[in-house]
Peer 1: 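Handing you a structure now.
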Amino acid sequence: MKRAGVGISIFLLIIFIACPDQNGTNHQNNSITILYTNDEHGWLEGDGNYDGAAGMFGLWETREDYDGSDNYLILSGGDMWTGPAISTWYKGKSMIEVMNAMGYDAAAIGNHEFDFTVDTLMENLERLDFPLLAANIREKSSGKIPAFAKPYMVKDIDGINVGIIGLASQSTPISTFPAHVVDYEFTSYSEAVEIFADSARDKGADVLIIIGHITSNEMQALSATASSEGILLIGGGHSHEKVLQESNGVLLIESGAYMQNYIRVDIKYDRENHTAEILSYKIEANQNSTPDQSILEIISKWKNRVQTTLSQVIGYCSETISKSSVEMANLVTDSWFYTFPDADVSVTNSGGIRQDIPAGDISLETIVGLLPFENSIVKLELSGNELKDCIRYYIIGGMTSVGGYYLSDGTPIYDDSVYCVLTTDYLYSVTNNNFSLYDPIPEETSVNYRQPLIDWLISINTSPADPLNNYLDYTPRKNLSLIHI
C-alpha cells in the first residue's frame, strides 16, 4: 500500500508540472538558481590553491548540475579583468572570452572596468555576450545613463521574469583613474533602486534582485530600501569579502574575489500567488574540481599568447614575496630610485600592488601581474610639512616615519625644506589627498610605475645562487595600520 501511495503522488505531481498555463507555456519548474561571483580580476588560470575558471565551471557542471538550462542565472558583481598579465595585457579580452563561454547572463560595472578608458570599455562591450548593468551612473552633461551601461534587465527564466538592477560603486572616481570617469557622476544607490525597481516591474518583472559593485556595509545600508521594494537579494563586490547573511529580510551575498569561491542561491516562485522566496544559499570554494576541458582550451590559447610576449626571465626568487608584505612595499617603492636617483622620497598606494611574486623564475609576465595598471610616475616638489601630510595613508620609499621622520640616510626631514617626491599620476589626480594642491605643476616622466622594477631586476641579475630575497628590506617604514588600499 505504501508503494502504491507514493506512485499516486508522483503521478499527480507529474500531471501538475506538465500542465501548460493558460498561455500554452509548459513550465518545468518554479525555481531559479543563481550562481554568483564578483571581483574575478582576470584570475582565469587560478593560483595553485584555487582552480580558476575551468575548475569553477567544472564544479558548476558536476556539483551544481548546471547544464545551460533556462532556470540558471550566472551573475557577476563586477571588476572582471584587471589582474594577472594573461588578462591585463590584453585589456580583458581573455577574461571576456572565458566568461562568455561560462554563460554569464549579466555583470555589474566595477570601478576597474574603467581602467583601460571608456573607449576600451565600449570595445569590450562589443565582445561581451551579456550586458553591463549600473542604474546609478549618469552623464554629467545630459543626466542620462551612458551607452555602456544598462540600468537593469528583465530575463525570462522558464516563464518567470527576473528583474536585475545593477549598481556601480560611488567610490569609482577615486578607485579608478579619475580622468577616465570625469564625465560621469555616480549617484545614490537607494534613489536608483527606487526608480528602476518600478521600471523593471513595469516591464513585467516577477522577481527583483540587485547586483552591485558595493561593499557589505553599503549592502546593509541599502537593505531597508531593497526590502521596501520587494527585492529578495543584493549581490555585492569591491571589498573582496565573503558575505552570506540576511538584513531586513534581504539576502546579502559576496563571494570574495579572484574566482576562489562562488555562491549558489535557490529561489522559489509561486506562480499562482505571484510571490517569491529564497529557499537556500551556500558559498563553495573553487577547489578539488574536475576542470572543464572547453574552458581549459580557451585559457591555454591565451596563456600561449602571453608567454610569447612576456616570457623573458628577469630574475629569480627563492621564497614567495607576499603582495601585502613590508618587503614587497619596500621593493616597489625603492625600485623607483634606480630610474630617478635624484629623488628623495617615493610614495604609492598598496592597492597598486596586486599579486605575490612566487618562488622561482621572475618573468615580465610576473611583474605585469604584480603592477598591472597603466600608471606613470610624476615628480613633485614638496616641503617637509607637505610631505608628512601626503604620505599619511600610503607606502613610502627613501624615508621612514617610525620614531620620527627621517630620510633613508638618517637625515631628519625638516618642515621647511623642499624634497623631490615621486608618486603616480593616479594618486596625484585623486581628490582624497593634497598632492595637486601642494604642487599644481608636476613633472610628467611618462615612465610606467612598473618599469623601474623591471630595469632594476635586470641590473642585479638574480639567480638561484643569489636570489632576489637577498636584496629585500624587511624593516617597516610606517605604522602599517594606516596604509590605504
Side-chain angles (χ1 to χ4, degrees), residues 82-83 112 171 174-177 239-240 317 320-341 343-357 366-380 382 384 386-409 413 419-436 438-439 442 445 447-457 468-469 471-485:
T82 300
H112 289 296
S171 73
I174 61 170
S175 53
T176 189
F177 202 96
S239 53
H240 298 192
C317 187
T320 295
I321 306 171
S322 169
K323 68 178 180 180
S324 57
S325 66
V326 168
E327 57 269 30
M328 179 70 85
N330 294 346
L331 172 67
V332 172
T333 52
D334 286 352
S335 71
W336 291 4
F337 298 117
Y338 179 78
T339 303
F340 303 103
D344 299 303
V345 175
S346 58
V347 185
T348 193
N349 62 316
S350 60
I353 302 171
R354 304 300 292 192
Q355 67 184 57
D356 301 344
I357 298 178
T366 309
I367 304 305
V368 170
L370 173 72
L371 305 172
F373 301 109
E374 293 307 310
N375 299 336
S376 61
I377 295 172
V378 297
K379 279 186 177 182
L380 311 176
L382 302 179
E386 293 167 341
L387 173 61
K388 293 172 187 178
D389 174 53
C390 286
I391 67 168
R392 188 175 306 171
Y393 300 118
Y394 301 126
I395 60 178
I396 51 177
M399 66 168 289
T400 182
S401 62
V402 177
Y405 295 93
Y406 300 92
L407 295 176
S408 57
D409 64 2
I413 293 175
Y419 299 91
C420 178
V421 179
L422 306 173
T423 190
T424 63
D425 55 353
Y426 162 69
L427 278 190
Y428 181 83
S429 61
V430 297
T431 57
N432 58 349
N433 63 54
N434 290 321
F435 283 122
S436 60
Y438 294 144
D439 187 346
T445 71
V447 174
N448 184 283
Y449 81 131
R450 77 175 77 96
Q451 193 60 47
L453 179 56
I454 292 170
D455 294 340
W456 178 73
L457 284 171
L468 174 61
N469 307 79
Y471 296 81
L472 300 178
D473 180 354
Y474 295 86
T475 304
R477 296 170 183 173
K478 65 183 305 182
N479 183 344
L480 298 183
S481 67
L482 295 177
I483 292 177
H484 271 185
I485 291 177

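By convention here, the first residue in the shown sequence is residue 1. All values below were derived from every heavy atom in this structure, side-chain atoms included, with hydrogens, water molecules and symmetry-related copies excluded. Bear in mind the structure is a predicted one, so any value in this text is a computation, not a measurement.
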Peer 1: Using side-chain contact (heavy atoms from CB on, under 4.5 Å), reason through I357 and L331 one step at a time and then give a plain yes or no.
Peer 2: CA-CA 11 Å; I357 298 178; L331 172 67; 4.0 Å; yes
Peer 1: Just jot down the ring-ring contact (aromatic ring centres under 6.0 Å, His included) partners of F373, sequence neighbours excluded, or say none.
Peer 2: H112
Peer 1: Which residues pass the salt bridge (charged side-chain N to carboxylate O under 4.0 Å, His left out) test with D334, sequence neighbours left out?
Peer 2: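 Once residues adjacent in sequence are excluded, the partners of D334 under the salt bridge (charged side-chain N to carboxylate O under 4.0 Å, His left out) criterion are R477.
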Peer 1: Side chains of D439 and E386: does their closest heavy-atom pair fall under 4.5 Å?
Peer 2: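 No, every pair of side-chain atoms sits at 4.5 Å or beyond.
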Peer 1: Taking atom CG of N469 and atom SG of C317, what is their separation to the nearest 0.5 Å?
Peer 2: 4.0 Å
Peer 1: Show the nearest heavy-atom pair for residues P452 and W336, with the distance to one decimal.
Peer 2: CB-CA, 3.8 Å
Peer 1: Quick check for you: to the nearest 0.5 Å, what is the distance between L427 atom CG and S436 atom OG?
Peer 2: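 One gets 11.0 Å once the value is rounded to the nearest 0.5 Å.
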Peer 1: Please report the closest heavy-atom contact between I391 and S401, naming both atoms and the distance.
Peer 2: CD1-CB, 4.4 Å
Peer 1: Provide the closest heavy-atom pair for V378 versus P442 in the form atom of the first, atom of the second, distance.
Peer 2: CB-CB, 4.3 Å
Peer 1: Hey, does L387 have a side-chain heavy atom less than 4.5 Å from the side chain of D344?
Peer 2: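 Result no, sub-4.5 Å side-chain heavy-atom pair not found.
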Peer 1: Can you tell me how far apart CD1 (I321) and CG (D356) are? Round to the nearest 0.5 Å.
Peer 2: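 Here the interatomic distance stands at 9.0 Å.
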Peer 1: Are N432 and Y393 close enough that a side-chain donor and a side-chain acceptor fall under 3.5 Å?
Peer 2: no
Peer 1: Under a 3.5 Å cutoff, is there a donor and acceptor pairing between the side chains of N433 and Y394?
Peer 2: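 Indeed, the side chains of N433 and Y394 share at least one donor-acceptor pair under 3.5 Å.
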Peer 1: Look only at the side chain of Y449 and the backbone of V332, and say whether a donor-acceptor pair between them is shorter than 3.5 Å.
Peer 2: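 Not a single qualifying donor-acceptor pair exists.
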Peer 1: Using 0.5 Å steps for rounding, measure from the CG atom of L371 to the CD1 atom of I367.
Peer 2: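 So the gap between those two atoms works out to 6.5 Å.
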Peer 1: Report the residues that fulfil side chain to side chain donor-acceptor pair (under 3.5 Å) with Y471, sequence neighbours left out, ordered by chain and then residue number.
Peer 2: D466
Peer 1: Please list all pairs passing the salt bridge (Lys or Arg N to Asp or Glu O under 4.0 Å) test where one or both residues lie in residues 447-457, with sequence neighbours left out.
Peer 2: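 Counting only pairs at least two positions apart or across chains, the salt bridge (Lys or Arg N to Asp or Glu O under 4.0 Å) contacts touching residues 447-457 are E374-R450.
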Peer 1: Evaluate the criterion side-chain contact (heavy atoms from CB on, under 4.5 Å) for residue pair M328 and L370; output intermediate values, then yes/no.
Peer 2: CA-CA 10 Å; M328 179 70 85; L370 173 72; 3.6 Å; yes
Peer 1: What residues form a salt bridge (charged side-chain N to carboxylate O under 4.0 Å, His left out) with K323, not counting sequence neighbours?
Peer 2: none
Peer 1: At what distance, to the nearest 0.5 angstrom, does OG of S325 lie from CD1 of I353?
Peer 2: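 The CD1 atom of I353 is 8.5 Å from OG of S325, to the nearest 0.5 Å.
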Peer 1: Write down the atom of G83, the atom of P372, and the distance for their closest heavy-atom approach.
Peer 2: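 Answer, listing the atom of G83 first, then P372: O-CB, 3.6 Å.
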Peer 1: Sequence neighbours excluded, which residues qualify as side chain to side chain donor-acceptor pair (under 3.5 Å) partners of S322?
Peer 2: S324
